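Notes for the one structure printed next.
Quick caveat, the model's predicted, so the values are computed rather than measured. Letters A, B, ... are given to chains in the order of the sequence lines, protein chains preceding strands, and every chain is numbered from 1.
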There are 2 protein chains.
Amino acid sequence: MNTDLVLKNIAKHIQLTPTEQAHFVYLMKPRSLKRKEMLLQEGEVSRHSAFVTKGCLRSYTLDKNGYEHVLAFAPPDWWIADMYSFISQKPGTLYIEAMEPTEVLMLSKADQQQLYADIPKFERFFRIIVENAFVSSQQRLLDNLSLTAQERFRIFCQKYPSLVTTLPRKQIASYIGVTPEFFSKMMKTV
Amino acid sequence: MNTDLVLKNIAKHIQLTPTEQAHFVYLMKPRSLKRKEMLLQEGEVSRHSAFVTKGCLRSYTLDKNGYEHVLAFAPPDWWIADMYSFISQKPGTLYIEAMEPTEVLMLSKADQQQLYADIPKFERFFRIIVENAFVSSQQRLLDNLSLTAQERFRIFCQKYPSLVTTLPRKQIASYIGVTPEFFSKMMKTV
DNA sequence: CCTTTTTCTTAACCTAGGTTATTTTTTCCC
DNA sequence: GGGAAAAAATAACCTAGGTTAAGAAAAAGG
């Protein structure tokens, strides 16, 4: 069980004693997912947030015409959840699916709350994580409002160089907000 | 100086003793802005986050063609900042401008950090604030990827009923991601 | 290694929304 | 209250990106 990665992830923002580390690791429940296996589906309550140690997850919604819209990719070293559902503990709108065989460590909402009470440093840790996620969500919003698909693709390449080569193109197309057909057309003109 | 509003805002998420309240209020520096006055401009470092007690602020970027894209509106009871710049203390990309005569209470980055150290409950408070902001930014992103301008406008009306009637239409158009000309065309067809 | 499924490409045609330009209406502010 | 500035409306024309359909290529998974 690979807990090194998550401890390093945490160490970027807060410092834990060995005892605290052990306690945290104890709360993280490992889970393996096969390709296409779902970690969460629309209508379910997100009772855990997941830290990816191997493989890759994606979160997406289905619109009323049945088209998927990718909200996020989570390669190793990333946290992912249906944040709305996780914080409200109400049914969410997101699907979270493994793009390939994937390993995650899951922290339950209850354990996270307990962790905030027991080790207040975690309150800081998750504040910082969410601050960064918020900034990058806002930036992506502005990019969608002000840039062409071409430019958004260029930014995607800079931000996720490793995913550009490994992910199916239709997934990238969905993330930057175009159809696979248009994405294909676009790639010819570069 | 209206500190009632901000104390109520805080009381929604954490409970402060009278002493803690007094200390917090002491750190909040009031500022008045005239219509069109700028609280922050592109290239500046956002050294404060602002809580609006009266009036209304907006944050926006300028794209390379000189068009504005509204990121957020902040009526009373809202916090606003260039989050990227505020957390990194590097030059940001946002403008923050008063839409009308506006009163804010400003909390400096340094005072916020000190507050985290002195009264750890504030770490929780701002975590919760940012979590909610993140969820709503993600939802708006998905709305932009999957809905028509018409539908986004309907959502805007639900979410900010008070702003629909008071804000210039071109500002709403910018927020939902269309030109004022198209917005005008759209409104005829309802 | 072979079959099934998924992904990618191409192409013709379509539309939501953008652009430019002009006029009308409203709001600001002295 | 009146002149200037900003906002809104209208209309003709334009384009980035969507839709539909169908075949080619590539992976997945036994």
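Under the side-chain contact (heavy atoms from CB on, under 4.5 Å) criterion, B:Glu68 pairs with B:Arg58, B:Tyr60, B:Leu62, sequence neighbours left out.
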*In sequence, state the C-alpha distance, the side-chain angles, and the governing distance for A:Asp77 and A:Lys12, and then conclude on salt bridge (charged side-chain N to carboxylate O under 4.0 Å, His left out).*
CA-CA 12 Å; A:Asp77 208 27; A:Lys12 285 177 201 162; 3.1 Å; yes

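Protein chain B contacts DNA chain C over a range whose 5' and 3' limits, counting nucleotides with an atom under 4.0 angstrom from a non-hydrogen atom, are C:dG17 to C:dC29.
Surrounding CD of B:Gln15 are at most 12 heavy atoms belonging to other residues, nucleotides or ligands under 6.0 Å away. By the neighbour-count criterion of 12 heavy atoms within 6.0 Å, atom NZ of A:Lys54 is sparsely surrounded, having that number or fewer from other residues, nucleotides or ligands.
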Table of protein N/O atoms under 3.5 Å from nucleotides 5-11 of chain D N/O atoms:
residue, atom, partner, partner atom, Å
D:dA7, OP2, B:Lys170, NZ, 3.3
D:dA8, OP1, B:Arg169, N, 2.8
D:dA8, OP2, B:Arg169, N, 3.1
D:dA8, OP2, B:Lys170, N, 2.9
D:dA9, OP1, B:Arg169, NH1, 3.2
D:dA9, OP2, B:Arg169, NH1, 3.0
D:dA9, OP2, B:Ser184, OG, 3.2

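By the 30° and 60° cut-offs, the orientation of the rings of B:Phe126 relative to B:Tyr116 is perpendicular.
A:Phe122 does not carry B:Arg127 over the face of its six-membered ring by the limits of under 6.0 Å from the centre and within 45° of the normal. A cation-pi arrangement is present between A:Lys109 and A:Phe86, with the terminal nitrogen or guanidinium carbon under 6.0 Å from the aromatic centre and inside a 45° cone about the axis.
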